[in-house]
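What follows is a set of notes on a single structure, which appears directly below.
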Amino acid sequence: MDYLEIEGGHKLQGRVNISGAKNSALPVIAASILSDKPFKITNLPNVVDIRTLLKLVDMLGGKVEHDNTTAIIDNSSMNSTKAVYEIVSQMRASILVLGPLLTRFKHCEVSLPGGCAIGQRPIDMHLKALEAMGAKIEIKGGYVQAEAPKGLQGTKIVFDKITVGGTENVIMAASMAKGVTTITNAAKEPEIVQLCELIQSAGVEITGVGTSELSITGTNGKPLAFQECKIIPDRIEAGTYLCAAAIANSEITLENVESNHIKAILDKLESMGCTIKIEENAIAIKGPKKLKPINITTSEYPGFPTDMQAQFMAIAAIAQGESIIEERLFENRFMHVSELNRLGADIWLKGSLAAVRGVKELNGADVMATDLRASSALVLGALVANGITNVRRIYHLDRGYDNLEGKLAKLGARIKRKKE
Ligand code: EPZ
C-alpha cells in the first residue's frame, strides 16, 4: 500500500494548476447515459473516482475512450441497466446513474451504496423524488430495483433538506421525463449549475439555474445530444492549496481557478490573516507569520463547504488562539481529529462541535487517512510539522486529488510517495 512521507518545515512558492472538479465530472459522466450520441468531456481530473465511474459506464455497455483529462463516451449501444455492488460499493457517487438509467431505459437496478466513513448518507430523498415521478421502487438483495414502464412523469419535488446528489439525480431524471418537473429546495452548488448547463446544451429547458427553485421540461423519452463539456475548476482542490499556503506561511498562485466559487473559503482565509489577490483565472495568496483563530459552521453552497472543514481544522491547529468549528452536514466527519492530535494538535470534540486550541508547533508522526478530505488535512499538518510525517492509507487521497504530491513537490514541499 502506498503512503506519503513528508518532511515538514519547507516553504512553498510558485504556481499550481487547479484540475477539473471531481464532483462536477461525476454527474457529467452519469449524464452521458441520457445521450445516444458520442459526447466529449475535457478537463477531467486524473483521479480514481473518475476512473471508477467510467468503468461503471463501460460495464453498462457504453464505449469509453479515456486519457488523463479527456473522455469520449458513446452510450448509443448501452445494453445493461444493472449497476453492480462491486463498483457502487467503491464509490457512493455511483448512485448518480440511478436517475439517468431509469429515465432513459425505464427500468434499472442499482446497488445500494451503504454508509461511509463520514456518515450514514442515506438516499431516501433520491428514491422518494423518483417515486413521486411515477417510479415503482423496491429494495431487494441490496439493490434499488426501479421501473417506470410508461416513463417518468414531471411533477413537483420538494426536498426536505438540501441534497447535492439528490438534486442531480432528479435533474437528470426530469430531463427525459414527460412534462415539467419543479424542484423546491434544490442544491445550487457550482457543480449543479454545470450539470444544468450541460443539459441545456442539449436543448432542454431549465429555469432557475443557480437558485433553489428549478424547473425542467423533459423530452418525453427522447435521448439528449450534448455539446462538448469542459469541467469547471475544482473549488475544493483550490481551497486545499490555499490552506497549504496559509499553514506554511508561504506565497503561491493558483491557476485555472474560479474565485466566485470559493468566496466563503477566501473570506475565512482573509479573517485568519492571509493576503489574497484575485487575478483573471488565478488567485495569489500569502500566508501570515501567525494565523488568527476562526469560527466556522459548515453549510450548503454558497456557505462554507463541509469538504473544506478538515483542511481548516489543520490550519486552525497552529493559529494563535481557540477556533470553533461546527460540522452541520455529516454526523461523523471528524475522523481527522484524533490523527491531527497525533501530530500534536489540541482539538476537543463535543457532538458536532470541535474546539481547536492553537499550538505553537506540530511534530511529525505516523498518521492514517480516513476519508478524502481528512487525508488532505493530514498532509497540510505534515507540511509544517517538525521532522517526518508518514500519511498512510492514501488511497482515499487518490480518489479525489489529482497528483497532490507532484503539485506540492513542484511548490517546494518535501513529499514522496512510498510503498509499505
Ligand atoms: C456531495 O455528496 C459531495 N459528493 C460530497 O463531497 C459533499 O460533501 C456533499 O455533497 C455535501 O456538499 C459529490 O458531489 C460526489 P448530499 P452527496 O446528498 O450528494 C443527507 C467529497 O469529499 N441526505 O448533499 O452525497 C446526507 O446524509 C465528497 O468530495 C439524506 O439524508 O451529499 C447529508 O447529511 C464527500 N438523504 C446531507 O443530506 C438523502 O437521500 C447532504 O448530503 C440524501 C442526502
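Both ligands and their constituent atoms are indexed starting at 1 by order of listing.
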For F334, which residues count as a ring pair (Phe, Tyr, Trp, His ring centres under 6.0 Å) partner, sequence neighbours excluded?
->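 With sequence neighbours excluded, F334 shows a ring pair (Phe, Tyr, Trp, His ring centres under 6.0 Å) to no residue whatsoever.
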Who passes side-chain contact (heavy atoms from CB on, under 4.5 Å) against D2, sequence neighbours left out?
->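 Once residues adjacent in sequence are excluded, the partners of D2 under the side-chain contact (heavy atoms from CB on, under 4.5 Å) criterion are I394, R417, K419.
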Can R333 and D307 be counted as an ion pair, charged N to O under 4.0 angstrom?
->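 The answer is yes: the pair qualifies as a salt bridge.
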For the pair E255 and R15, find out whether any cationic side-chain nitrogen is under 4.0 Å from an anionic carboxylate oxygen.
->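 Judged by the 4.0 Å cut-off on N to carboxylate O distance, E255 and R15 do form a salt bridge.
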Flag yes if more than 12 heavy atoms outside E205 fall under 6.0 Å of its CD atom; otherwise flag no.
->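 Open: at most 12 neighbouring heavy atoms sit under 6.0 Å from CD of E205.
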Select all protein residues for which some heavy-atom-to-ligand 1 distance is less than 4.0 Å, and list them by chain and number.
->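 Protein residues near ligand 1 are K22, N23, L26, A93, I118, R121, P122, I123, D124, M125, H126, K161, I162, T163, V164, G165, T306, D307, L329, F330, R333, L372, R373.
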Using salt bridge (Lys or Arg N to Asp or Glu O under 4.0 Å) as the criterion, list what pairs up with E279, not counting sequence neighbours.
->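 E279 satisfies salt bridge (Lys or Arg N to Asp or Glu O under 4.0 Å) with K277 only.
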